[in-house]
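To start, the structure itself, in structure tokens.
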Amino acid sequence: MIEVENPSRREVIGTVPRHGAEDVDRAVRAAAAAFPQWARRPARERGLLLTRIGDDLAEIGEELARLIASETGNAIRTQARGEAAMAADIFRYFGGVAGEQKGETLPLGEDLLSYTVREPLGVVAGIVPWNAPVMLAALKVAMALCTGNTLVLKAAEDAPLGVLKMAEICWQHLPEGVLQVVTGYGEETGGALLNHPGIAKITFTGSTEVGKIAMRAAAERILPVSLELGGKSPAIVYPDSGDDATVQHVIMAMRFARQGQSCTAGSRLFVHASIYDDFVARLSAALEQLVVGDALDEASDIGSLISGTQDVRVCGYVREALEQGAVALTGGLPDDSRPGYQLPPTVLGGVDPSWRVSREEVFGPVLVALPWEDEDEVIRWANDTHYGLAAFVFSRDINRALRAAHRIEAGWVQVNRSGGQLPGMSYGGKKLSGLGAEYSIEGALESFTQRKSITVGLG
Ligand code: NAD
């Protein structure tokens with residue numbers, strides 16, 4: 001068994017199985033046995049079941065939110081409730097559009113009928129991380145199942161409880177075998193899943209490093225693979241947007257209320273030099289108003305990092321940057337009085353774009369702020385990264401903002417907005433941030449089905 005910790009309190013709150021290769025094998029076999037019948041069900045019937053799952057998830061929203069807050073450290077008021085609601089919404093969205101699994105016909109003349117059908121692939125292997133565990137698991141389940149596949153889902157070892165709760169609801173509606181969930185460690189459980197010969201598709205969300213492992217496993221058997229990986233996303237503030245609303249957007253874009261543990265965090269802030277000092281001062285003051293505390297406390301705006309391991313990693317980045325000469329405009333290293341892995345939201349000024357803190361994904365509440373003067377230069381800086389997941393542009397001049405959005409190398413650019421993904425939008429990274437775009441029905445069709453052409457001679 002593996003112990004699951006509440007990181008806000010450093011208390012064990014549950015145990016889950018540490019599944020090994022034999023368990024994974026049983027899961028894949030069960031999903032394979034369920035596949036033919038599930039694939040044959042009319043798509044709208046599958047969709048109806050997913051919609052009902054969404055409704056039931058909405059019913060237990062508060063229970064799910066408390067579980068998410070307990071195991072992830074994400075504050076209940078600002079994060080966990082939203083995640084539970086989004087999980088229900090994802091099931092309802094994919095349930096509703098499941099019937100859109102359409103093919104095409106080709107106008108080849110009277111004597112020839114050529115058409116395509118979209119077929120499911122088989123047993124999908126899905127692996128998710130801990131940072132938004134239930135929402136990301138809901139996506140894998142809803143996309144794989146609505147398109148007629150069956151799924152073996154591996155939850156993250158640090159946050160499996162919410163995923164298991166969601167799966168319990170799914171099992172009340174789904175035929176036996178269609179959804180399997182395994183829990184355990186990365187290489188031991190996830191590795192066994194990636195390399196299982198019964199898998200027909202890999203969908204992975206997590207770090208770029210493990211994404212490469214997933215892609216190598218897929219290459220061995222020429223499997224389709226979709227990857228949602230890391231980021232180091234830029235947020236660009238133009239001189240006409242030094243207002244408080246933009247300060248709040250920058251806080252939201254950095255996902256400070258999730259301790260910065262988000263793949264889309266706008267963690268490189270570029271503020272025009274003419275407003276830089278004033279803007280970062282007001283940003284720091286606004287961050288100092290936020291309450292960092294226990295994830296289950298309604299008063300907390302910000303909870304705790306996921307684990308001691310992440311805490312050591314994130315503090316290492318801050319310590320190194322401070323030693324290199326960075327200035328903590330707010331935040332910095334934590335004191336010893338904290339009950340869990342709470343870190344103050346931190347803004348670092350005086351950084352060099354070449355430092356590790358400016359280039360690598362910290363995955364913590366650490367924002368680097370740099371002044372810019374020339375538009376071409378800031379776009380070059382924004383694109384000077386191996387990642388290409390998200391970006392944020394803040395300007396009242398919409399032409400200028402859109403020009404910048406078009407030039408930024410990222411899968412998702414938000415203009416004067418800083419919220420999360422919405423079901424139905426195409427979402428996926430460029431460069432080392434991933435492969436494929438999911439979240440929408442079009443993405444699900446591209447990722448989870450294969451076109452088959454059927455050509456009939458009518459002469
Ligand atoms: P991680 O890659 O370490 O782990 C993710 C999952 O992979 C976990 O379930 C883990 O057990 C499993 N895993 C680890 N090693 C494995 C191996 N050798 N074989 C098979 N499975 C293995 O990532 P993490 O630290 O849990 O999550 C944070 C990362 O996820 C960040 O880089 C973040 O940007 C990324 N992320 C991306 C998105 C996106 O949509 N692009 C969303 C959320 C998180």
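Bear in mind the structure is a predicted one, so any value in this text is a computation, not a measurement. Scope of the values below: all heavy atoms of this structure, side chains included, with no hydrogens, waters or symmetry mates. Just so you know, ligand 1 is whichever comes first in the structure, and atom 1 is the first atom listed for that ligand.
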Next item on the list: Please confirm whether Lys154 comes within less than 3.5 Å of ligand 1 when only nitrogen or oxygen atoms on both sides are compared.
Entry: yes
Check: Short list, please: which atoms of ligand 1 are under 4.0 Å from a heavy atom of Leu389?
Finding: 41 (N)
Check: Identify the closest protein heavy atom to atom 25 (O) of ligand 1: which residue and atom is it, and at what distance?
Finding: Trp130 NE1, 3.3 Å
Next item on the list: Count the heavy atoms belonging to other residues, nucleotides or ligands that lie under 6.0 Å from CD of Glu119, then report whether that count exceeds 12.
Entry: yes
Next item on the list: Give a yes or no on whether a salt bridge exists between Glu100 and Lys102, defined as a side-chain N under 4.0 angstrom from a carboxylate O.
Entry: yes
Item checked: Gly206 N/O to ligand 1 N/O under 3.5 Å -> yes
Check: Should the pair Asp352-Arg359 be classified as a salt bridge under the 4.0 Å nitrogen-to-oxygen rule?
Finding: no
Next item on the list: Measure from the ring center of Tyr317 to the ring center of Trp355 and say whether it is less than 6.0 Å.
Entry: no
Note to self: For the OG atom of Ser8 and the CD atom of Glu71, what is their distance to the nearest 0.5 Å?
What the structure shows: 11.5 Å
Check: Phe279 and Trp372: aromatic ring centres closer than 6.0 Å?
Finding: no
Item checked: Atoms in ligand 1 flagged as close to Asn131, the criterion being non-hydrogen separation under 4.0 Å -> 43 (C), 44 (C)
Next item on the list: Select one of side chain, backbone, both or neither to describe which atoms of Val128 lie under 4.0 Å from any atom of ligand 1, heavy atoms only.
Entry: backbone
Notebook entry, point to check: Which protein non-hydrogen atom lies closest to atom 39 (C) of ligand 1, naming both residue and atom, and how far is it?
Noted result: Cys263 SG, 3.2 Å
Check: Where's the contact between Leu194 and ligand 1, heavy-atom distance under 4.0 Å: side chain, backbone, both or neither?
Finding: side chain
Next item on the list: Find all atoms of ligand 1 within a distance of less than 4.0 Å from any non-hydrogen atom belonging to Ala156, and give their numbers and elements.
Entry: 9 (O)
Item checked: Test: Asp301 and Arg77 ion pair at under 4.0 Å -> yes
Notebook entry, point to check: To the nearest 0.1 Å, how far is atom 28 (C) of ligand 1 from its closest protein heavy atom, and which atom is that?
Noted result: Phe363 CE2, 3.5 Å
Next item on the list: Evaluate the ring planes of His249 and Phe394, with Trp represented by its six-membered ring, and classify them as parallel (under 30°), tilted (30 to 60°) or perpendicular (over 60°).
Entry: parallel
Item checked: Heavy atom of the protein closest to atom 21 (N) of ligand 1 (residue, atom name, distance) -> Gly186 O, 3.4 Å
Checklist line | Cationic N near anionic O, under 4.0 Å, Lys232 to Glu360 | finding: no
Margin query: Can you tell me which portion of Thr189 lies within the under-4.0 Å heavy-atom range of ligand 1? Options are side chain, backbone, both, or neither.
Written below: neither
Notebook entry, point to check: Below 4.0 angstrom, N of the basic side chain to O of the carboxylate: do Arg380 and Asp384 qualify?
Noted result: no
Margin query: At less than 4.0 angstrom from any non-hydrogen atom of Gly230, what atoms of ligand 1 do you find?
Written below: 32 (O), 34 (O)
Notebook entry, point to check: Out of curiosity, is Gly191 lining ligand 1, as in a heavy atom under 4.0 Å away?
Noted result: yes
Checklist line | Nearest-neighbour protein heavy atom for atom 12 (C) of ligand 1, which is reported as residue plus atom name and distance | finding: Ile127 CG2, 3.8 Å
Next item on the list: Using a strict cut-off of less than 4.0 Å between a Lys/Arg side-chain nitrogen and an Asp/Glu carboxylate oxygen, indicate whether Arg81 and Glu298 qualify as a salt bridge.
Entry: yes
Check: Should the pair Glu188-Arg18 be classified as a salt bridge under the 4.0 Å nitrogen-to-oxygen rule?
Finding: yes
Note to self: Heavy atom to atom 20 (C) of ligand 1, shortest distance: which of Ser207, Gly190, Ala214 holds it?
What the structure shows: Gly190
Margin query: Whether Arg66 and Glu63 form a salt bridge (side-chain N of Lys/Arg under 4.0 Å from carboxylate O of Asp/Glu) is what I want to check.
Written below: no
Margin query: So if I count the atoms of ligand 1 from 1 in the order they appear, which ones are less than 4.0 Å from some heavy atom of Tyr427?
Written below: 39 (C), 40 (O), 41 (N)
Next item on the list: Starting from atom 32 (O) of ligand 1, find the nearest protein heavy-atom neighbour and note its residue, name and distance.
Entry: Glu361 OE1, 2.6 Å
Notebook entry, point to check: Applying a 4.0 Å heavy-atom criterion (strictly less than), which segment of Glu157 is in contact with ligand 1: side chain, backbone, both, or neither?
Noted result: side chain
Margin query: Looking only at protein heavy atoms, which one is nearest to atom 27 (O) of ligand 1, and what is the separation?
Written below: Pro129 CB, 3.3 Å
Notebook entry, point to check: Near Ile213, which atoms of ligand 1 are under 4.0 Å from a heavy atom of that residue?
Noted result: 18 (N)
Note to self: So for ligand 1, is Leu229 a polar contact partner (N or O within less than 3.5 Å, distance only)?
What the structure shows: yes
Check: Are any side-chain N or O atoms of Asp23 and backbone N or O atoms of Gly20, one a donor and one an acceptor, separated by less than 3.5 Å?
Finding: yes
Next item on the list: Determine if the distance from atom 4 (O) of ligand 1 to the closest protein heavy atom is below 4.0 Å.
Entry: no
